[in-house]
Amino acid sequence: MGWMTELATVYNNLMKRDTDDKPLPLYHIKNNAPLVITLDGNGKFLNAKLLGNDEKDKWPCCMPSTEESAARAGAAVRPYPLCDKLEYVARDYASYLNFEKMDAKKAKKASVDLKEKYKQYITQLQNWVESEYTSEKLRAILNYVKQGTVVSDLLSKIYELQETTDIEKYNFFVRWVVEIPDEIEIRTWKDKKIQQLWINYYSHNCINSRGLCYGLGDNILIANFHSKKIRNAGDGAKIVSSNDEQNYTFRGRFNSADEAVQISMELTDKAHKALQWLISKQGSTIGNGLTVVAWCEASDVKPLLLNNAHSMGFDDDVDEDASDTNYTPGAAAVNSIINRLRGYYSKVAKNDKILVMAINAASPGRMSILLYRQYSKSEYEAAQEHWHFNLAWYYSYWDFNNKKWRHTISSPSPKEIAIYCYGKNANDNMQTEAIERLLPCIIDKKPIPKDIETLLFNRASRLVTLEKSERDKTLETACAVIKYNYNYRAHLHGEEGYEVELDENNGNRDYLFGRLLALADRIESTVLDDQNVNRESNAIRLMPHFVKYPCSTWQLLYSEKLRPYFKQLKQSKPGLCRWFENTISEVTIKFKDGDYADKDPLSGEFLLGYHCQQKYRKNNENATDDGDNTMEDK
């Protein structure tokens with residue numbers, strides 16, 4: 001019951017706002033109602049309108065509902081109290097229905113069902129009007145519906161209905177406008193007085209039994225049905241359901257659903273309406289329907305969960321006039337992200353709770369709660385800092401305004417990790433599963449699953465097999481995940497982790513081999529660029545082989561493949577050529593005894609060394625004699 005009581009608290013807080021931007025009132029629902037009928041205060045028909053497809057944003061309509069009508073599905077006859085489909089509100093609907101296309105049995109059943117729908121609708125509305133919770137508008141609507149001329153009146157005003165031979169095509173929800181002198185709000189779906197009248201009427205006249213609500217601890221009306229349409233208007237899956245009495249719901253332990261759990265109408269309605277509102281405002285739906293939402297119990301601050309640091313605006317802006325390789329130094333950039341993250345959550349009070357929930361449909365009618373957590377501000381903030389600090393890496397993004405790729409330092413989003421783990425052709429199920437498995441890493445400081453790291457490493461170490469458009473992003477994302485998991489293990493043993501910059505003192509075998517491969521690529525690429533030759537370097541083509549056999553492949557590259565490029569570079573840019581030669585020597589002497597000739601394949605740290613060397617800028621005026629003093633970024 002924890003998630004329900006917390007969401008009910010959110011609902012109560014939201015409804016105190018002096019704004020229209022809040023959840024639906026109790027015992028109300030939102031449906032698309034494109035048919036608008038206008039009446040006067042006596043129930044006389046004035047006008048009708050059918051909202052077109054170009055006005056679909058105006059179709060959603062807030063209307064009173066009962067438990068039964070809100071859960072209506074299939075052939076069940078459960079009328080809404082005020083606004084309903086044409087087949088419920090129009091006594092003359094059957095007169096315009098084409099029974100000839102049905103067989104005799106179906107036609108007879110349809111005729112009986114239509115009479116029952118209208119009878120139940122008019123009875124329910126009349127009971128409301130005859131109670132103490134009535135109004136002039138409600139009486140006008142009842143008077144009009146009793147006349148039984150709804151469809152014929154619509155035909156007199158709406159051209160589309162005049163032209164159709166199949167009235168079923170226009171069996172839409174009907175909403176009501178009642179024009180009364182001196183009445184400010186004539187739209188019944190916007191009238192707060194009518195909304196409150198229904199809440200009061202339904203609370204006092206609902207026939208549900210009373211019992212102990214397991215969430216609130218009060219003896220009040222117990223719910224028989226629970227809400228659907230949680231993620232969107234077409235969502236039929238329910239989190240709470242007990243209508244499967246023929247199969248596995250009770251498994252022989254209980255005679256009825258109430259013996260398992262009792263939830264009050266008030267609690268379930270508030271909780272579901274708050275969840276629907278939160279999802280619409282700050283939830284994220286990914287892949288095949290996985291929906292994740294986080295909220296702060298007593299604050300308007302929206303907890304950020306599935307964003308990367310760049311999309312949240314926490315990274316350092318790149319100078320528009322500077323080269324895209326001018327990164328803020330790694331440690332400073334990451335610290336800047338963390339400081340901005342703390343600033344964002346500074347508006348949350350120390351003792352406020354932050355809650356996280358993930359749901360998805362296990363079947364078309366059943367919703368699962370995949371994850372639910374409650375955190376204090378400090379716990380949630382610490383988890384976010386852990387995620388973004390350890391995942392931060394070189395990050396590129398498309399600048400739509402300037403039509404160019406930009407570069408910064410940021411953590412990738414979970415969706416980006418899922419996409420580049422499997423490739424751009426990954427289906428929704430693959431992305432959903434990956435993101436679902438990443439959630440505990442984000443909020444519980446868990447390591448990223450090893451298979452996800454391995455898939456990213458395998459793809460990023462075979463750049464030649466990837467389209468050029470996804471190479472940089474795949475490499476960046478792989479390095480971010482590898483760094484995150486390495487730092488996680490290092491911190492457990494009290495050791496230092498990797499930062500986002502080249503570590504020239506790192507003597508790790510795999511890291512050093514990565515640096516060497518990057519240098520080989522830069523040497524050849526520099527010459528090819530000068531000659532305007534567009535082809536892969538030998539380093540990129542041999543990268544998969546290099547990962548398996550680093551020593552022998554490096555000897556092949558250095559002794560044979562790079563020789564002609566060193567020769568050309570020495571002629572065109574002798575200073576840069578010397579810098580490459582000296583750097584290769586500096587890297588080579590850092591290998592520990594036996595590491596260089598070790599025949600083991602390379603690990604993920606190889607990519608960290610490779611990418612950092614690719615991004616490294618060397619500024620030493622004494623290193624060249626031709627003015628070319630920069631190890632330019634690729």
Side-chain angles (χ1 to χ4, degrees), residues 23-37 39 43 48 51 58-91 93 113-131 133-135 137-146 148 150-151 154 168 170-178 187-208 223-229 233-236 238 265 268-269 272-273 276:
L24 293 174
L26 277 178
Y27 315 132
H28 283 71
I29 196 170
K30 187 172 284 187
N31 283 314
N32 288 331
L35 282 171
V36 186
I37 295 179
L39 311 173
L51 300 176
K58 298 178 182 178
W59 283 29
C61 170
C62 174
M63 58 185 69
S65 70
T66 62
E67 259 198 329
E68 293 79 10
S69 61
R72 187 170 78 191
V77 179
R78 298 170 182 170
Y80 285 90
L82 187 62
C83 304
D84 211 326
K85 287 191 171 182
L86 205 53
E87 61 184 351
Y88 278 88
V89 305
R91 191 175 66 193
Y93 183 80
D113 286 347
L114 287 173
K115 290 178 181 178
E116 183 63 22
K117 287 175 181 178
Y118 175 76
K119 177 183 175 182
Q120 289 194 25
Y121 171 79
I122 204 73
T123 300
Q124 184 171 249
L125 179 57
Q126 185 157 340
N127 289 338
W128 182 12
V129 171
E130 291 176 352
S131 74
Y133 308 104
T134 188
S135 74
K137 290 178 185 175
L138 295 176
R139 285 191 292 270
I141 294 169
L142 177 63
N143 291 338
Y144 171 68
V145 173
K146 280 184 173 181
V150 174
V151 175
L154 291 175
E168 284 186 285
Y170 295 93
N171 185 26
F172 299 131
F173 273 88
V174 177
R175 66 174 85 179
W176 309 98
V177 173
V178 183
R187 299 168 297 177
T188 58
W189 63 93
K190 293 283 189 179
D191 193 329
K192 290 181 170 51
K193 293 179 183 177
I194 289 181
Q195 292 172 359
Q196 191 58 50
L197 285 171
W198 172 250
I199 293 170
N200 294 339
Y201 171 78
Y202 194 53
S203 299
H204 288 86
N205 293 276
C206 180
I207 61 173
N208 285 27
N224 294 325
F225 298 93
H226 300 271
S227 295
K228 53 184 179 180
K229 301 185 179 182
D235 190 5
K238 296 181 179 182
M265 290 171 52
T268 186
D269 206 35
H272 282 90
K273 281 180 168 54
Q276 290 163 352

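Taking all atoms of both residues into account, the shortest heavy-atom contact from S65 to P81 is CA-CD, 3.7 Å. The shortest heavy-atom contact between Y80 and S69 is OH-O, 3.1 Å. Closest approach of A70 to K228, counting heavy atoms only: O-CE, 3.6 Å. The heavy-atom pair separating C62 from W189 by the smallest distance is O-CB, 3.3 Å. Closest approach of L24 to K30, counting heavy atoms only: CD1-N, 3.7 Å. Across all their heavy atoms, A33 and L51 have their closest contact at O-CD1, 4.3 Å.
At distances below 3.5 Å, not a single donor-acceptor pair connects side-chain atoms of D269 with backbone N or O atoms of L26. Put simply, the side chain of K273 gets close to the backbone of H28: a donor and an acceptor are under 3.5 Å apart. With hydrogens and angles ignored, the 3.5 Å screen pairs no side-chain donor or acceptor of T268 with any backbone N or O of H226. The backbone N or O of G43 lies less than 3.5 Å from no partner atom in the side chain of R139, so there is not a single donor-acceptor pair. Checked by atom type and distance alone, the side chain of R91 pairs as donor or acceptor with a backbone atom of K146 at under 3.5 Å. Proximity of a side-chain donor or acceptor of W176 to a complementary backbone N or O of K137 within less than 3.5 Å is not detected.
Under the 4.5 Å side-chain criterion, counting only non-hydrogen atoms from C-beta, K193 is not in contact with S135. Under the 4.5 Å side-chain criterion, counting only non-hydrogen atoms from C-beta, L142 is not in contact with W128. Taking 4.5 Å as the limit, some side-chain heavy atom of V89 sits within range of a side-chain heavy atom of Y121. Counting only heavy atoms from C-beta outward, the side chains of C83 and N31 never approach each other to under 4.5 Å. For the pair L197/T134, no side-chain contact is recorded, criterion being any heavy-atom separation below 4.5 Å from C-beta on. Side-chain contact between W198 and T66 is present, with at least one heavy-atom pair separated by less than 4.5 Å. At least one side-chain heavy atom of L154 sits under 4.5 Å from a side-chain heavy atom of L86.
With ring centers used as reference points, Y118 lies 6.0 Å or more from Y93.
The line from NE2 of H272 to CD1 of I29 is 11.5 Å long, rounded to the nearest 0.5 Å. The CG atom of L125 lies 9.5 Å from the CD atom of E130; values are rounded to the nearest 0.5 Å.
No side-chain donor from either of Q195 and D191 sits under 3.5 Å from a side-chain acceptor of the other. A side-chain donor-acceptor contact under 3.5 Å links Q120 and E116.
In this pair, H204 and Y133 present their aromatic rings parallel. The plane angle is below 30°, not in the 30 to 60° band. Aromatic ring orientation, Y27 versus Y202: perpendicular (interplanar angle above 60°, classes split at 30° and 60°).
Each salt bridge (charged side-chain N to carboxylate O under 4.0 Å, His left out) pair with one or both residues in residues 58-83, not counting sequence neighbours, appears once here: E55-K58, R72-D84.
Of the residues I37, I141, L82, the one that meets the side chain to side chain contact (heavy atoms under 4.5 Å, CB included) test with V174 is I37.
Environment of NZ in K229: crowded, with over 12 heavy atoms of neighbouring residues, nucleotides or ligands closer than 6.0 Å.
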